[in-house]
Amino acid sequence: MRKLAAGNWKMNGMTASIAEARAVSIAHPNPSVDILLCPPATLLSRMAESLANSSVALGAQDCHPAACGAHTGDIAASMLVEGGASAIIVGHSERRADHGEGDATVKAKAEAAIAAGVVAIVCIGETLEEREAGRTLDVTRAQIAGSLPAGATAANTVVAYEPVWAIGTGKVATPEQIAEVHADLRATLAGLVSDASEMRLLYGGSVKAANAAEIFALGNVDGALVGGASLTADNFNPIIDALEAAASASS
Ligand code: PGA
């Protein structure tokens, strides 16, 4: 399968940031991995124009589950697709925490993304409290079972494991912790979809140039969902390079 380096800009990025995305594409004109940047919705269509025919695909960070209607402030998946998104992140822990989104909502959003014709990137991950209570795999199994969209396939769904305590904290999970959860996810997915071995499993949580190679060398890690380190080309480019190196080592 093709590995995926995905960047989530969260609530960061103004017009000037489009140049960062362009610098990523210029540094990787013909990448051996998929590159995706998920800017705030306000930048999406301008970035799509700026990055047309480039190696960098664009995604969105959330969508509403409904196709359209009276939902002030929300954005439908089809609108994001028209704006240039080829993937939509759903269920990020910041949305689960800030907006009270549970698995059923995340599942509905993922289904809306797929119905709009794009890839759903479904995020799951345990809190520190859950990990310390020894409940990590219970939590990730329940989240995957509850959040995976109906009709999920390796072509329309990506799963991102992001331990909540590792996001934006500089605290990366250990290789053992990542490998354990990813192996368990792969096994759990095998009971839920027919092409689990082909479904991309991303790790997210304080991925940066300094730790990327070690993470990408792990089994069942098919890429990363990167927050802070995806905001500049200087930080994101070496992560993409590390993923390309891992892809060529495993092929
Ligand atoms: P981080 O964010 O890389 O800044 O920790 C990861 C994410 O939330 O996707």
Side-chain angles (χ1 to χ4, degrees), residues 2-29 31-52 54-63 80-81 83-95 113 118-125 158-163 166-170 172 178 200-213 215-216 221-247:
R2 228 170 125 84
K3 294 179 188 284
L4 171 61
N8 171 13
W9 282 7
K10 309 190 179 184
M11 200 170 73
N12 300 291
M14 305 285 274
T15 302
S17 306
I18 297 174
E20 297 294 334
R22 286 192 54 79
V24 169
S25 75
I26 289 164
H28 298 95
S32 60
V33 301
D34 288 341
I35 304 172
L36 177 78
L37 283 174
C38 302
T42 46
L43 286 182
L44 196 52
S45 62
R46 277 181 293 152
M47 277 178 67
E49 279 168 25
S50 174
L51 292 161
S54 84
S55 59
V56 175
L58 298 175
Q61 301 173 12
D62 177 51
C63 66
L80 297 163
V81 174
S86 59
I88 303 177
I89 298 170
V90 295
H92 190 281
S93 65
E94 287 151 16
R95 298 231 31 114
V118 295
V119 170
I121 301 178
V122 179
C123 302
I124 60 166
V158 170
V159 174
Y161 168 57
E162 301 202 302
I167 294 176
T169 57
V172 67
I178 298 170
R200 291 182 288 187
L201 306 184
L202 310 183
Y203 169 77
S206 299
V207 175
K208 46 186 186 280
N211 57 30
I215 293 169
F216 296 151
V221 174
D222 309 311
L225 182 54
V226 183
S230 72
L231 291 171
T232 63
D234 279 354
N235 287 328
F236 198 40
N237 280 333
I239 295 173
I240 297 167
D241 297 340
L243 190 60
E244 290 195 297

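What's counted below: heavy atoms across the whole structure, side chains too, no hydrogens, waters or symmetry copies. Just so it is clear, the structure is predicted and the values come from calculations on it, not from any experiment.
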Requested in this report: Would you confirm whether Glu162, through its side chain, and Gly125, through its main-chain N or O, come within 3.5 Å as a donor-acceptor pair?
Outcome: no
Requested in this report: Verify, without hydrogens or angle tests, whether Gln61 (side chain) and Cys38 (backbone) share a donor-acceptor contact under 3.5 angstrom.
Outcome: yes
**Report entry** Straight-line distance of Lys3 NZ to Leu201 CG, nearest 0.5 Å
**Finding:** 10.0 Å
Query raised in the report: Taking Asn8 for the side chain and Gly227 for the main chain, is one N or O donor matched with an acceptor at less than 3.5 Å?
Result: no
Report task. First locate atom CG of Leu225, then atom CD1 of Ile121, and finally report the distance between them rounded to the nearest 0.5 Å. Result -> 6.5 Å
Report task. Check for a donor-acceptor pair, side chain of Ser17 on one end and backbone N or O of Glu20 on the other, with a separation under 3.5 Å. Result -> no
Query raised in the report: How long is the gap from CD1 on Ile215 to CG on Leu243, to the nearest 0.5 Å?
Result: 11.0 Å
Report task. With sequence neighbours excluded, give me every salt bridge (charged side-chain N to carboxylate O under 4.0 Å, His left out) pair touching residues 34-43. Result -> Arg2-Asp34, Asp34-Arg200
**Report entry** Taking every non-hydrogen atom, the tightest pair across Leu36 and Ser86
**Finding:** CD1-OG, 4.0 Å
Report task. Taking all heavy atoms of Ile239 and all of Ala229, pick out the closest pair and write down the distance. Result -> CD1-CB, 3.8 Å
**Report entry** Heavy-atom pair of closest approach, residues Ala242 and Ala212
**Finding:** CB-CB, 3.9 Å
Query raised in the report: Just how far is it from atom CG of Leu58 to atom OG of Ser45, taken to the nearest 0.5 Å?
Result: 10.0 Å
Requested in this report: Measure across Ile18 and Ser50 and return the closest heavy-atom pair with its distance rounded to 0.1 Å.
Outcome: CG2-OG, 3.5 Å
Query - Spacing of Arg46 atom CZ and Thr15 atom OG1 [to the nearest 0.5 Å] - result: 3.5 Å
Requested in this report: Hey, could you give me the CG/CG distance between Asn12 and Leu231, rounded to the nearest 0.5 Å?
Outcome: 5.0 Å
Report task. Say whether, by atom type as modelled, one donor and one acceptor occur between the side chain of Ser55 and the main chain of His28 under 3.5 angstrom. Result -> yes
Report task. Kindly determine whether Ile240 and Val33 satisfy side-chain contact (heavy atoms from CB on, under 4.5 Å), including the steps that lead there. Result -> CA-CA 8 Å; Ile240 297 167; Val33 301; 4.1 Å; yes
Report task. Considering non-hydrogen atoms only, spot the tightest contact between Ser25 and Val56 and give its length. Result -> CB-CG2, 3.5 Å
Query raised in the report: Can you check whether Ile89 reaches Arg95 side chain to side chain, under 4.5 Å on heavy atoms?
Result: no
Query raised in the report: Is it true that a side-chain atom of Asn211 and a backbone atom of Ser206 form a donor plus acceptor pair closer than 3.5 Å?
Result: yes
Query raised in the report: What is the minimum heavy-atom distance between Val158 and Val119, and which atoms define it?
Result: CG2-CG1, 3.8 Å
Report task. Can you sort out the partners of Lys208 under salt bridge (Lys or Arg N to Asp or Glu O under 4.0 Å), two or more places apart, ordered by chain and number? Result -> none
